[in-house]
Amino acid sequence: MSDYKKVNFDDIFKTELPKYKFNIPTPPQPFKIETSELVNLKMPKPLKYENSIFKQQADDIKLPLERQINSIEHIAKSAEVHANSSLEEIRILKEQLELAKAESKGAQRDSVFSKIVSIISILIAIGSLVIAIIAIL
């Protein structure tokens, strides 16, 4: 087979060198894990969310948010009431606008009538002057 002889490394490394009087240290053995040891390892139980720090953090955040939600709902209700009152005010203003338009049309008719009357009165005054001048001559 082969010409090489099997060497036991433990014997080589434990040999003493007489002249120097020290031992050569043996190299460390690699760490070996058997598969049966892995199977028998006890793994910690997974932590439930209800008992975790994440739930506590979520609860800490949730409380201020609930307070904010309540105040935001209050603001929304107040805004809705304000919007409804504004709509009612707009309806009233539209009615007042229609009344003002109707009144302005009546006033316009009255002003036209008064202009016609004033023109007729001016014509009568001029006619009476002309008649007076003719009578004097």
Side-chain angles (χ1 to χ4, degrees):
M1 291 190 64
S2 72
D3 295 333
Y4 297 107
K5 180 169 121 180
K6 187 172 183 183
V7 177
N8 186 356
F9 286 104
D10 289 336
D11 293 340
I12 292 175
F13 286 113
K14 286 186 180 176
T15 2
E16 288 188 19
L17 298 173
K19 185 175 182 183
Y20 300 105
K21 294 186 181 179
F22 68 90
N23 290 331
I24 300 173
T26 59
Q29 296 294 322
F31 184 67
K32 293 182 183 178
I33 297 178
E34 298 293 326
T35 54
S36 62
E37 291 176 0
L38 288 176
V39 171
N40 293 332
L41 282 177
K42 290 186 178 180
M43 298 297 288
K45 291 182 182 178
L47 189 61
K48 292 184 179 180
Y49 176 72
E50 289 79 21
N51 302 332
S52 70
I53 193 168
F54 300 116
K55 170 114 172 65
Q56 294 171 355
Q57 290 174 342
D59 289 342
D60 290 344
I61 293 172
K62 185 180 175 184
L63 290 176
L65 289 178
E66 286 175 350
R67 290 186 201 128
Q68 288 178 359
I69 288 171
N70 290 336
S71 61
I72 289 172
E73 285 175 350
H74 179 71
I75 291 169
K77 287 178 184 175
S78 173
E80 183 180 9
V81 168
H82 184 69
N84 289 336
S85 65
S86 295
L87 288 175
E88 183 64 24
E89 190 174 332
I90 288 171
R91 186 188 61 76
I92 292 170
L93 289 173
K94 282 183 179 179
E95 287 178 8
Q96 288 178 349
L97 177 65
E98 293 300 322
L99 289 173
K101 282 182 180 179
E103 192 174 325
S104 71
K105 283 183 182 179
Q108 187 178 9
R109 277 186 249 130
D110 289 344
S111 71
V112 169
F113 179 72
S114 67
K115 286 178 186 175
I116 291 173
V117 168
S118 66
I119 289 173
I120 290 173
S121 65
I122 289 174
L123 289 176
I124 291 174
I126 291 175
S128 66
L129 281 175
V130 168
I131 291 176
I133 292 177
I134 292 177
I136 296 181
L137 289 175

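No hydrogens, no waters, no symmetry mates; every other heavy atom, side chains included, goes into these values.
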Tell me every residue that passes side-chain hydrogen bond (donor to acceptor under 3.5 Å, both in side chains) with Arg109, counting only those two or more places apart in sequence or in another chain. none
Sequence neighbours excluded, which residues qualify as side-chain contact (heavy atoms from CB on, under 4.5 Å) partners of Glu103? none
Checking Ser86 side chain against His82 main chain: does a donor-acceptor pair fall under 3.5 Å? yes
For the CG atom on Leu123, are there more than 12 heavy atoms of other groups (residues, nucleotides or ligands in this structure) within a distance under 6.0 Å? yes
Any chance you could measure Gln108, atom CD, to Ser111, atom OG, to the nearest 0.5 Å? 6.0 Å
Mind checking who shares a hydrophobic cluster with Ile124, ILVMFWY linked at side-chain heavy-atom distances under 4.5 Å? Val112, Ile116, Ile120
Taking side-chain contact (heavy atoms from CB on, under 4.5 Å) as the definition, give me every residue that meets it alongside Ile72, ordered by chain and number, with sequence neighbours left out. none
side-chain contact (heavy atoms from CB on, under 4.5 Å) partners for Glu73, two or more places apart: Ile69, Asn70
Residues that Glu88 engages under side-chain hydrogen bond (donor to acceptor under 3.5 Å, both in side chains), provided they are two or more places apart: Arg91
Validation: residues 130-137 side-chain donor-acceptor distances under 3.5 Å, sequence neighbours left out:
none

Residues in side-chain contact (heavy atoms from CB on, under 4.5 Å) with Lys94, at least two apart? Ile90
